[in-house]
Amino acid sequence: GRSTPALIAGALMAMAPAHFILSRMAVDYLFPAPFALGWCLLFLKALDRRSGAALFAATSVLGLGCYSYIGAVALMPLFVGVTVLLLWREGWAWRSIAVALAGFAWPLIPAAWFITMHPQMLTSTLGRYGIAANQLDAFQRLRETLTPWFISDRANLYFSFFSPGYLFVTGSGGLVGSTRTAGVFLACSLPLMLIGVRATLLRYSPSSTLLVAGMLLPPVAGSVVDEPFSIGRAITMVPFGILLAVLGIEQLRGRTPPAVLAPALKVCGAIATGIGLLYLIYRAASGDLTPGGLVVAALGLAAIGLAYGVGRARSFSPVVAALLLGCAWQYSSFALDYFGDYRARSAFWFNGNLKGAVTRIVAEIDREGTTPEVLLDQGINRIDWYWRFHLAELGRSELEPLLRVVERDEMRTRAVPAGALYLFPSIDDTLRAVVESRGMALVATITDPGDDESGQAPGERPSYVLFRAR
């Protein structure tokens with residue numbers, strides 16, 4: 001049935017490593033994507049039915065999408081530009097273009113009124129993202145933006161979003177948005193995506209143009225801030241990349257593969273199998289057996305089996321099935337790492353085991369039966385947010401008022417009542433010496449899970465220390 005492409009798209013979207021990680025983090029990076037997809041659906045409906053109402057609704061979705069995430073303020077107008085170009089290409093009247101622009105404009109009226117009443121909000125926001133210094137006037141900001149080196153840097157940043165290694169091998173530069181063991185997309189989706197891109201380039205249609213725009217434009221918005229390989233700022237490209245892969249599958253459906261494909265797969269499979277077995281024998285003879293050779297040999301045998309499948313079916317169905325199975329296999333490997341060693345590798349990037357620290361503080365409060373002050377070091381990034389979040393997670397939000405965020409230098413002179421608890425990073429030896437000199441006693445050391453690279457077993461790597469005033 002025709003529901004099959006939709007099911008495949010949904011499965012590939014759910015398995016896309018970047019989307020999987022960011023959705024589990026529940027961050028606002030993902031919010032523009034539903035608005036972009038909604039615009040596509042409504043706009044295609046408008047083109048199909050020549051409906052002005054659907055067109056107005058499509059661009060209204062883009063206007064509302066500007067409130068979803070700050071990057072959408074740059075992205076949604078680009079999609080409006082695509083809308084206008086397609087309307088012109090399809091021969092719509094200028095009145096229809098005016099309807100489209102009106103649909104985009106009306107949701108922005110409250111934002112325009114707010115910025116008029118609070119102009120400092122706009123300048124401070126731009127300054128916070130490094131777009132322009134607050135002390136520059138409008139002409140100076142424009143001049144700084146149009147310098148050759150600024151344009152060159154942003155062009156390089158834009159093209160970095162299409163690096164094959166970034167998209168299909170390692171993903172984001174840090175461990176917050178990537179495990180570094182998988183790319184933004186699953187590697188086996190690359191051939192399908194390339195076939196989909198080829199189809200959009202060979203034959204014009206409004207839907208194919210929207211797919212290409214959805215893939216190419218999000219990195220434009222992501223390049224406004226100088227942060228290389230930040231998939232969060234361009235995550236809206238992911239659903240469009242998935243749709244291109246599904247288009248690639250549709251292009252292969254019913255097509256007869258070239259006669260050379262099956263023999264080529266057999267030869268490549270035989271070579272890979274031979275290399276894998278020879279390497280396996282070599283490692284076994286040296287007494288240091290590793291699974292690498294076995295994996296290569298298994299892939300070679302799979303290629304040979306695929307060759308026989310292509311020859312018997314006389315279609316690309318075995319190839320598509322093999323690529324989808326490869327996606328499932330890579331996702332399972334990625335998920336095992338995500339729920340395993342990645343937790344330890346990324347702990348530092350997520351402020352360590354703060355959940356364990358808050359849990360231990362709650363346990364100490366319950367054990368003592370008192371409600372002491374809870375002093376948390378200001379050096380822990382957004383510690384007040386994490387305190388409220390983890391308390392809500394534990395169902396103990398009534399303890400929120402106990403929080404006191406203190407600067408490290410403040411602990412030298414601050415009057416600390418007896419029984420107060422103080423949490424700070426374990427690596428801060430200077431602060432530890434200060435609290436010990438004031439007679440505070442170590443209550444607990446909160447550890448992160450261990451990992452193979454650290455050389456420490458689970459529970460051996462300290463993250464935070466908790467002291468109590470006496």
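Computation of the quantities below employed the complete heavy-atom set of this structure, encompassing side-chain atoms and omitting hydrogens, waters and symmetry-equivalent molecules.
Side-chain atoms of Arg470 come within 3.5 Å of backbone N or O of Gly439 as a donor-acceptor pair. In terms of modelled atom types and a separation under 3.5 Å, the side chain of Arg396 and the main chain of Glu393 share no donor-acceptor contact. Put simply, the side chain of Arg468 never gets that close to the backbone of Ala441: no donor and acceptor are under 3.5 Å apart. Gln330 contributes a side-chain N or O that, together with a main-chain N or O of Ala187, makes up a donor-acceptor pair within less than 3.5 Å. In this structure, the side chain of Ser163 does not engage the main chain of Ser160 through any donor-acceptor pair within 3.5 Å. For the pair Asp377 (side chain) and Leu423 (backbone), a donor-acceptor distance under 3.5 Å is absent. Of the possible polar contacts, none joining the Ser178 side chain to the Val184 backbone as a donor-acceptor pair under 3.5 Å is found. Without hydrogens or angle criteria, Asn351 side chain to Asn381 main chain gives a donor-acceptor distance under 3.5 Å. Although no hydrogens or angles enter the test, the distance criterion places no donor-acceptor pair under 3.5 Å between the side chain of Ser172 and the main chain of Ser230. Distance alone, capped at 3.5 Å, is enough to place a donor-acceptor pair between the Ser223 side chain and the Pro219 backbone.
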Ile21 vs Met25, side chain to side chain contact (heavy atoms under 4.5 Å, CB included): CA-CA, chis, key distance, verdict: CA-CA 6 Å; Ile21 291 176; Met25 292 169 60; 3.9 Å; yes

Check step by step if side chain to side chain contact (heavy atoms under 4.5 Å, CB included) holds for Val358 and Tyr386. CA-CA 9 Å; Val358 175; Tyr386 283 104; 5.9 Å; no

Tell me, with the steps shown, if Leu375 and Leu421 meet side chain to side chain contact (heavy atoms under 4.5 Å, CB included). CA-CA 6 Å; Leu375 310 178; Leu421 297 169; over 6 Å; no

What's the verdict on side chain to side chain contact (heavy atoms under 4.5 Å, CB included) for Gln251 and Leu192, showing C-alpha distance, side-chain angles and the deciding distance? CA-CA 9 Å; Gln251 291 296 306; Leu192 299 174; over 6 Å; no

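Residues Phe20 and Phe334 bring their aromatic ring centres within 6.0 Å. Side-chain rings of Phe31 and Tyr69 stay apart, their centers remaining 6.0 Å or farther from each other. Between Tyr464 and Phe424, the distance from one ring center to the other does not fall under 6.0 angstrom. Between Phe79 and Phe35, the gap from one ring centroid to the other reaches at least 6.0 Å. Here the two rings, on Phe162 and Tyr158, have centers that are under 6.0 Å apart.
In this structure, Leu442 CG and Tyr422 OH are separated by 13.5 Å, a value rounded to the nearest 0.5 Å. With rounding to the nearest 0.5 angstrom, the CE atom of Met440 is 7.5 Å from the CZ atom of Phe467. A distance of 10.0 Å separates CD in Glu400 from CG in Asp384, rounded to the nearest 0.5 Å. Residue Arg414 holds its CZ atom at 13.5 Å from CG of Asp409, rounded to the nearest 0.5 Å. In this structure, CG in Leu399 is found 7.5 Å from CG in Asp366, a value given to the nearest 0.5 Å. Distance check: Met15 CE to Ser332 OG gives 9.5 Å after rounding to the nearest 0.5 Å.
The local environment of CZ in Arg198 is sparse, with at most 12 non-hydrogen atoms from other residues, nucleotides or ligands closer than 6.0 Å. Residue Tyr282 qualifies as open at atom OH: its count of foreign heavy atoms under 6.0 Å is 12 or below. Under a cut-off of 6.0 angstrom, the local environment of CG in Leu194 is crowded, with over 12 non-hydrogen atoms contributed by other residues, nucleotides or ligands.
In this structure the side chain of Leu244 never reaches within 4.5 angstrom of the side chain of Val246, judged on heavy atoms. Glu373 is not listed as a side-chain neighbour of Leu402, based on a closest heavy-atom distance of 4.5 Å or more. Leu323 has its side chain out of reach of Ser189: every pair of non-hydrogen atoms, C-beta onward, lies at least 4.5 Å apart. At a threshold of 4.5 Å between non-hydrogen side-chain atoms, the residues His390 and Thr359 do not count as touching. Leu75 is not listed as a side-chain neighbour of Val220, based on a closest heavy-atom distance of 4.5 Å or more. You'll find the side chain of Ile365 stays beyond 4.5 Å of the side chain of Thr370, heavy atoms only. In this structure the side chain of Leu431 reaches within 4.5 angstrom of the side chain of Met411, judged on heavy atoms. Using a 4.5 Å heavy-atom cutoff, the side chains of Thr236 and Pro32 are in contact.
Of all non-hydrogen atoms in Gly177 and Ile231, the two that sit nearest each other are O-CG2, 4.4 Å. The minimum heavy-atom distance between Leu157 and Phe161, with the atom names listed, is O-CD1, 3.2 Å. Here the shortest heavy-atom pairing between Trp39 and Val61 reads N-CG1, 4.0 Å. When all heavy atoms of Thr116 and Pro119 are compared, the pair lying nearest together is O-CD, 3.7 Å. Between Leu265 and Ala307, the shortest heavy-atom distance links the atoms CB-CB, 3.6 Å. Residues Pro218 and Ala213 approach most closely at CD-O, 3.8 Å, considering heavy atoms.
The pair Arg408-Asp428 meets the salt-bridge criterion, since a charged nitrogen lies less than 4.0 angstrom from a carboxylate oxygen. Under the 4.0 Å criterion applied to side-chain N and carboxylate O atoms, Arg438 and Glu436 are not assigned as salt-bridge partners.
Using the six-membered ring where Trp is involved, His118 and Phe114 have ring planes that are tilted, between 30° and 60° apart.
Arg343 and Tyr338 are not linked by any side-chain donor-acceptor pair at a separation below 3.5 angstrom, with hydrogens and angles left out of the test.
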